[in-house]
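Chain letters run A, B, ... following the sequence lines, proteins first and then strands; every chain starts at 1. Quick caveat, the model's predicted, so the values are computed rather than measured.
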Amino acid sequence: MTAYREVRVRTPLALKILPVLSIASFFFLWEFVVRSGIVPSTMLAAPSDVARLFVVKLTQADPDGALLQEHAWVSIQEAFTGYFLSLAVGIPLGLAMGWFVMAEGLARPVFEIIRPIPPVAWIPLTIFWFGIGLPGKVFIIFLGGLVPCVINAYVGVKMTNPTLIQMARTYGASDWQIFRQLCIPSALPMVFGALQIALACCWTNLVAAELLAADAGLGFLITMGRRLAMPEMVVLGMVMVGLTGAVIGVVIDCVEKRLLAGIRR
Amino acid sequence: MSSSIANETTCSFTDRRPWTLRRVLKTRPFLYAVSLFCFFYGWDFLARSLGAEGSSSLARPLEVLAALVDLWDNELAELKLLGHIWASTQRVLIGFSIAAVLAVPIGLAMALNRTVNAIVKPLFDLLKPMPPISWISISILWFGIDETSKVFIIVIGTFVPCLLNAYNGVRLVEPELYDVIRMLGGNRRDEILHVCFPASFPAIFAGLQISMSSAWTCVLAAELVSARSGLGYIIVQGMNLSDPAMVMGGMAVIAVVAYGTTLLLTALERHLCPWKRKIAGL
């Protein structure tokens, strides 16, 4: 016997149909607007053209020099290198800043100087330093992911219930013990929140980095589409960026659920 | 007495102990000073040692300052520094206002009405994962390279966080608050006016803050790709002239201006929404 019964709330039929209808009419309108010539085809491609180009690009490298999956792979590689780098640096830094006065005192001013600068602004400087290869882009993405990681880890530690800290002190726990056994576990939900936010930041900055300096990748595909005046390629690039980002987001969400399974939210 | 996020009231007191060297070393102002000194000295040292090798990829702090003074006095593309700052700020403010005025009501309507939600949510979910920066190319195709395309990018970039936060703000209102207003005999209208709006206000403002930083990213990206004015233009010019001092000067100005707008929003929030609970944070 279960302790509670599952309550099913039935959604009215209209609410089930409306989303489908809304998406369908969106695509229909889009297709119609382009086909009928209200928007010239030099400015916007019909969804059917985009779909056709998608299929073609899977097997054909022209006119931008790489297959679609190669572009996607380059982007994913860059994004993940920068992402994991920012996690590896940002989370420990944020946790330490939240608890240790020394760490906060030394790191915070520099962090506050760097924080308001949008990562995009680093692009020219990065090109000076690293050229347009992988390290430069990884650096930009790293900067983009770093800020949310540090902030979330910091806030997570700061939000530790002060009563628990006082109790631990009363029982004679050392600073390090409190940090390790109290602050870190209580900061974990915030830290996992940072995983998603940082990923979104990384992905945005990836596109920016690739728009300005790249020879492959999804952002590059968008730029090439504009240069070649092929709106279907621009839209394909945008769709691919969105799609890949969404898929990665879902994967991270699953990982997060698995890891957080034992922790009460 | 200060109230913490966990809703306990904690007493804070300071004890007076004599100032020893150990304690001075651990005070915040001292550590901040050390940190800043190390940062600028390290930067200067790095720039000098790199400059000695003949490569000029990093400017010394004083050179950056000199570049800023130069931009202040002399014109770059017919505008002085203040003109460029104003050009960027103007774009941000216009785009931000348009997006906030559109997105917040839509988000509220989505959270309050299931039919609106069923229609708008799928479309929104479709467009949400595309980074705003990926719209730059298509906005240039649509609007050319003048103001409209930049404002468009900013609207796209600020729309999503505004809408999401308004939506989630209403949905995450504590149900007890509704119970209270119902028990006091309120109808649906009272619920919305007296519970939904005030309770979701902090979340909406948080969304505006996120939007603001997103807007700065967008305006920069748009200006980096194509512009004749603005802070992004200064950076690009610096890059084209391979003048790192100018690039870093531009970055410094952006940091200051972006920080300023954030402060402004925070002040506005404190003024408009004094019931927000304090969260110890950055």
Quiz item: So what's closer than 4.5 Å to chain A heavy atoms on B/I136: side chain, backbone, both or neither?
Solution: side chain
Exercise. Measure A/V239 against the heavy atoms of chain B and call it side chain, backbone, both or neither at under 4.5 Å.
Key: both
Quiz item: CD1 of A/I23 to NZ of B/K121: how many Å apart, nearest 0.5 Å?
Solution: 11.0 Å
Quiz prompt | Under 4.5 Å from a heavy atom of chain B, the part of A/L206 involved | solution = neither
Quiz item: Looking at B/G157, B/G250, B/S137, which has the largest count of heavy-atom pairs under 4.5 Å with chain A?
Solution: B/S137
Exercise. Pick one of side chain, backbone, both or neither for B/I119, based on which atoms fall under 4.5 Å of a heavy atom in chain A.
Key: both
Quiz item: Mind checking whether B/T262 and A/R115 have side chains closer than 4.5 Å, heavy atoms only?
Solution: no
Quiz item: Heavy-atom distance under 4.5 Å between the side chains of A/F128 and B/P244, does that happen here?
Solution: yes
Self-check item: Nearest-0.5 Å distance, CH2 of residue A/W122 to CD1 of residue B/I235
Solution: 10.5 Å
Quiz item: Roughly how far apart are A/I114 CD1 and B/M251 CE, rounded to 0.5 Å?
Solution: 8.5 Å
Quiz item: Using a cut-off of under 4.5 Å for heavy-atom pairs, which of B/L141, B/N117, B/V257 has the most such pairs with chain A?
Solution: B/L141
Self-check item: Distance, nearest 0.5 Å, that separates CD1 of A/I123 from CG of B/L220
Solution: 9.0 Å
Quiz item: Just how far is it from atom OG of B/S134 to atom CE of A/M240, taken to the nearest 0.5 Å?
Solution: 12.5 Å
Quiz prompt | Portion of B/T115 that has a non-hydrogen atom of chain A nearer than 4.5 angstrom | solution = both
Practice problem: Go through A/I17, A/L218, A/I117 and name the one with the most non-hydrogen pairs under 4.5 angstrom from chain B. | Solution: A/I117
Practice problem: Applying side-chain contact (heavy atoms from CB on, under 4.5 Å), run through B/W216 and A/V120 and close with a yes or a no. | Solution: CA-CA 9 Å; B/W216 278 106; A/V120 175; over 6 Å; no
Practice problem: Tell me, for B/I140 versus chain A, whether the close heavy atoms (under 4.5 Å) come from the side chain, the backbone, both or neither. | Solution: side chain
Quiz prompt | Sub-4.5 Å side-chain heavy-atom contact between B/M130 and A/V241 | solution = no
Quiz item: Quick one: side chain to side chain contact (heavy atoms under 4.5 Å, CB included) partners of A/Q196, sequence neighbours excluded?
Solution: A/I252, A/D253, A/E256
Quiz item: With chain A, which of B/L36, B/I254, B/I138 has the greatest number of heavy-atom pairs at distances under 4.5 Å?
Solution: B/I138
Quiz item: Which atoms of A/V234 come close to chain B, meaning under 4.5 Å heavy atom to heavy atom: side chain ones, backbone ones, both, or neither?
Solution: side chain
